[in-house]
Amino acid sequence: QVQLVESGGGLVQPGGSLRLSCAASGSIFSINAMGWYRQAPGKQRELVAAITSGGSTNYAGSGKGRFTISRDNAKNTMYLHMNSLRPEDTAVYYCNARSRTVVAGTHDYWGQGTQVTVSS
């Protein structure tokens with residue numbers, strides 16, 4: 001089992017910045033990729049950014065060029081730096097971890113979510 005806890009959300013003005021954190025615990029040895037997703041009311045949950053076990057990163061949607069995903073392996077923590085925030089970035093942001101083992105196969109774990117509100 002993998003446990004994920006997000007933090008760092010809050011209210012920020014348009015154009016501002018925010019850093020989200022995701023602390024992982026449990027069977028973290030099985031994690032081969034992590035990512036950030038977001039979901040606004042009435043919308044589908046969408047991928048924001050992902051980072052693989054090899055350190056490669058991918059960005060999706062409007063976060064490209066404004067958001068940066070990173071991780072600190074020593075602290076078992078993943079981060080999402082968000083710059084130039086827009087009102088349309090308002091959503092609940094979720095931490096995701098993909099676990100893969102030979103016996104159990106692939107499974108996705110999710111944090112409880114942290115609210116990001118961009119408003120003046």
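Remember, it's a predicted structure, so these values are computed and weren't measured experimentally. Values below: all heavy atoms of this structure, side chains included; hydrogens, waters and symmetry mates excluded.
The main-chain N or O of S84 is found under 3.5 Å from a side-chain atom of R66 such that the two form a donor-acceptor pair. In terms of modelled atom types and a separation under 3.5 Å, the side chain of Y79 and the main chain of T68 share no donor-acceptor contact. A donor-acceptor contact shorter than 3.5 Å links the side chain of R71 to the backbone of T52. Without hydrogens or angle criteria, Q112 side chain to E6 main chain gives a donor-acceptor distance under 3.5 Å.
Here the CD atom belonging to Q115 is positioned 7.0 Å from the OG1 atom belonging to T90, to the nearest 0.5 angstrom. Atom OG of S25 sits about 10.5 Å away from atom CD of Q1, to the nearest 0.5 Å. With rounding to the nearest 0.5 Å, the separation of OG1 in T106 from CZ in R100 is 3.5 Å. We find the CD1-CD1 distance between I69 and I51 to be 5.5 Å, quoted to the nearest 0.5 Å. Taking CZ of F67 as the reference point, atom OG1 of T57 lies at 14.5 Å (rounded to 0.5 Å). The OG1 atom of T114 sits 8.0 Å away from the CG atom of L18 when rounded to the nearest 0.5 Å.
The shortest distance between side-chain heavy atoms of M82 and V12 does not fall below 4.5 Å. Side-chain contact between E88 and V118 is absent, with no heavy-atom pair separated by less than 4.5 Å.
One hydrophobic cluster, built from ILVMFWY side chains closer than 4.5 Å, cannot hold both L11 and L20; they sit in different ones. Each of Y37 and Y109 belongs to its own hydrophobic cluster when Ile, Leu, Val, Met, Phe, Trp and Tyr are linked at side-chain heavy-atom distances under 4.5 angstrom. V116 and V92 are assigned to two separate hydrophobic clusters, defined by single-linkage of ILVMFWY side chains at heavy-atom distances under 4.5 Å. Linking ILVMFWY side-chain heavy atoms closer than 4.5 Å, directly or via other members, places W36 and Y94 in two distinct hydrophobic clusters.
In terms of heavy atoms, A97 sits closest to V2 at CB-CG1, 4.4 Å. The heavy-atom pair separating N96 from M78 by the smallest distance is O-CE, 4.5 Å. Nearest approach of S120 to P14, heavy atoms of both residues: N-CD, 3.6 Å.
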Next item on the list: Evaluate the criterion side chain to side chain contact (heavy atoms under 4.5 Å, CB included) for residue pair D89 and R38; output intermediate values, then yes/no.
Entry: CA-CA 9 Å; D89 294 319; R38 68 185 182 187; 2.9 Å; yes
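Taking S99 as the reference, S30 meet the side chain to side chain donor-acceptor pair (under 3.5 Å) condition, with sequence neighbours excluded.
Applying the side chain to side chain donor-acceptor pair (under 3.5 Å) rule to pairs touching residues 7-22 yields S17-N83, sequence neighbours excluded.
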